[in-house]
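Worksheet: the structure to be examined is printed underneath.
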There are 2 protein chains.
Amino acid sequence: MSPRPAESDGADLVERTALAIRDLLIDGRLRPGQQLVEPALAAALGVSRNTLRESFRILMHEGLLLRHPNRGVFVHAPDVAEILDIYRVRRIIEEQAVRGAAPKHPGLAAVRAAVGQAVRLRDAGDWNGVGTENMRFHAALVALADSPRLAELFARLQAELRLAFVTLDSPEYLHDPFVDENRRIVALLDDGRMGEAADALDAYFTRSERTVLAAIERGRATRPR
Amino acid sequence: MSPRPAESDGADLVERTALAIRDLLIDGRLRPGQQLVEPALAAALGVSRNTLRESFRILMHEGLLLRHPNRGVFVHAPDVAEILDIYRVRRIIEEQAVRGAAPKHPGLAAVRAAVGQAVRLRDAGDWNGVGTENMRFHAALVALADSPRLAELFARLQAELRLAFVTLDSPEYLHDPFVDENRRIVALLDDGRMGEAADALDAYFTRSERTVLAAIERGRATRPR
DNA sequence: CTTCGCGAGTCGTTCAACGATCCACGCTAG
DNA sequence: CTAGCGTGGATCGTTGAACGACTCGCGAAG
């Protein structure tokens, strides 16, 4: 369709293609377990097979795609163990980021903003928006560590988690009950009581983990095998 | 040298090529800042340009290579800020892994083994070996968290750090004074005193960071600009 | 001494091709 | 009727060549 690769944007074609596929994934238009055949997808995206393969490399290293050698690449369908692993890493990173954050850290503004927006969206009934804002909230917490590497790692984790949510198509409502909790955390942070905020986060994670596991079990019962 | 890409091994050619380049990097045969010209390197490694480009993607995402759009890829030369960032992340990960480790964790065997081997190699005067064993030691600590994602992240960090050491060609002796400290840490772990072990690690990091920074300054003075 | 333009060197991307590998299906033998 | 055993089709893995686009250094013009 687009003979000219002048599709605008900033990065190179490979990166843009990876982005496009990422969108297809979180939109759920590519289902977990599904195979991504190279010629077909390349044609659909209007890029060459080589370019597509480079994009696959990126997404594989992000844990979103999985390659079976000589058989093709498939959308990764995370199992329980992997979801738990993601939460384990999140717990470590977020809690330490919060615990070690400087009082009056400039990044706190972003944290506040995310919570505020989430409250507004919840009152408007926009659950999808609440979910997005919740992710922003946690990313802002990690940003308090002032570590580019940690931030990037976390972004990847969030992408994986998103895919996991798609996998067990249990969407936004998972985030709803936590808005008030987030508000409490941000209050603690504004007060400079980082340790208590971290502890609150810890409780958050235990609860959130339980919720997710329940959703998994429920899904497994509904759609067995 | 190797016209036939039949170098065997397990993974696909792209992965093997990435490994080969990684080796060139930590061997110091590719100096930081140096450009990697695609046709030349492809010929040298006996792979096609497309394959090489896929390998580049991997290494770029690992932080070892850097791409200047439309100019080529270069060996990443980490600056002070980045080295500090690596240490920041290491501190968070390793300390939490240790703090949360179960007593009598099976992984402790690997930790003990690394320290024992380091002591032996030090007495034999094999500083290079001591350095390697030190890396193994820290990787074993991270493994105590039982998190594949954390382990993989840490492996990447170590690769980056290795590159950093090559950058300021200050090699193994950085690891020497820490062997005894490591021994103390493993003793604490065997005792089930995880908190104290984590605290010891914290001290280790502050000191190690200082040493590295000193080496950087020294390097900057020796070989300015 | 500064600026402009040009040419060489590379990158970015595509296309076509070919052997290798895997899988499903149908056929044969027991 | 069931268990193997080809065999063909689909797809991957990798290559080589091609061509426009971009960057940079260098020499000429002002």
Heavy atoms from C-beta onward define the side chain here; which of [options] lies closest to that of [X]?
{"X": "A/Val37", "options": "D/dT14, C/dC11, D/dC12", "result": "D/dC12"}
{"X": "A/Glu38", "options": "D/dC12, D/dT15, C/dT14", "result": "D/dC12"}
{"X": "B/Arg71", "options": "C/dT14, D/dT23, D/dC12", "result": "D/dT23"}
{"X": "A/Thr51", "options": "C/dT14, D/dT14, C/dT13", "result": "C/dT14"}
{"X": "B/Arg67", "options": "D/dT14, D/dT11, C/dG12", "result": "C/dG12"}

Does any donor-acceptor pair link the side chain of [X] with the base of [N] at a separation under 3.5 Å?
{"X": "B/Asn50", "N": "D/dG16", "value": "yes"}
{"X": "B/Arg49", "N": "C/dT13", "value": "yes"}
{"X": "B/Arg53", "N": "C/dT13", "value": "no"}

Taking all heavy atoms of B/Val75 and all of B/Pro32, pick out the closest pair and write down the distance.
CG1-CA, 3.5 Å
Which residues share a salt bridge (charged side-chain N to carboxylate O under 4.0 Å, His left out) with B/Asp85, sequence neighbours left out:
A/Arg149, B/Arg88
Take the protein atom [atom1] of [X] and the nucleotide atom [atom2] of [N], then report the distance between them rounded to whole Å.
{"X": "B/Asn70", "N": "D/dA21", "atom1": "CG", "atom2": "P", "result": "12 Å"}
{"X": "A/Glu54", "N": "D/dG13", "atom1": "CD", "atom2": "P", "result": "14 Å"}
{"X": "A/His68", "N": "D/dA10", "atom1": "NE2", "atom2": "C1'", "result": "17 Å"}
{"X": "B/Leu65", "N": "C/dC11", "atom1": "CG", "atom2": "P", "result": "12 Å"}
{"X": "A/Leu13", "N": "D/dG20", "atom1": "CG", "atom2": "C1'", "result": "14 Å"}
{"X": "B/Glu15", "N": "D/dT14", "atom1": "CD", "atom2": "C1'", "result": "15 Å"}
{"X": "A/Asp12", "N": "C/dC11", "atom1": "CG", "atom2": "P", "result": "14 Å"}

Do B/Glu82 and B/His76 have side-chain N/O donor and acceptor atoms under 3.5 Å apart?
yes
Of B/Leu36 and A/Leu52, whose closest DNA chain C nucleotide lies nearer the 5' terminus?
B/Leu36
Flag this pair as yes if the NZ/CZ of B/Arg90 is under 6.0 angstrom from the six-membered ring centre of B/Tyr87 and inside a 45 degree cone about the axis; otherwise no.
yes
Go through B/Glu54 and A/Phe56 one step at a time and tell me if the side chain to side chain contact (heavy atoms under 4.5 Å, CB included) criterion holds.
CA-CA 10 Å; B/Glu54 280 192 56; A/Phe56 278 174; over 6 Å; no
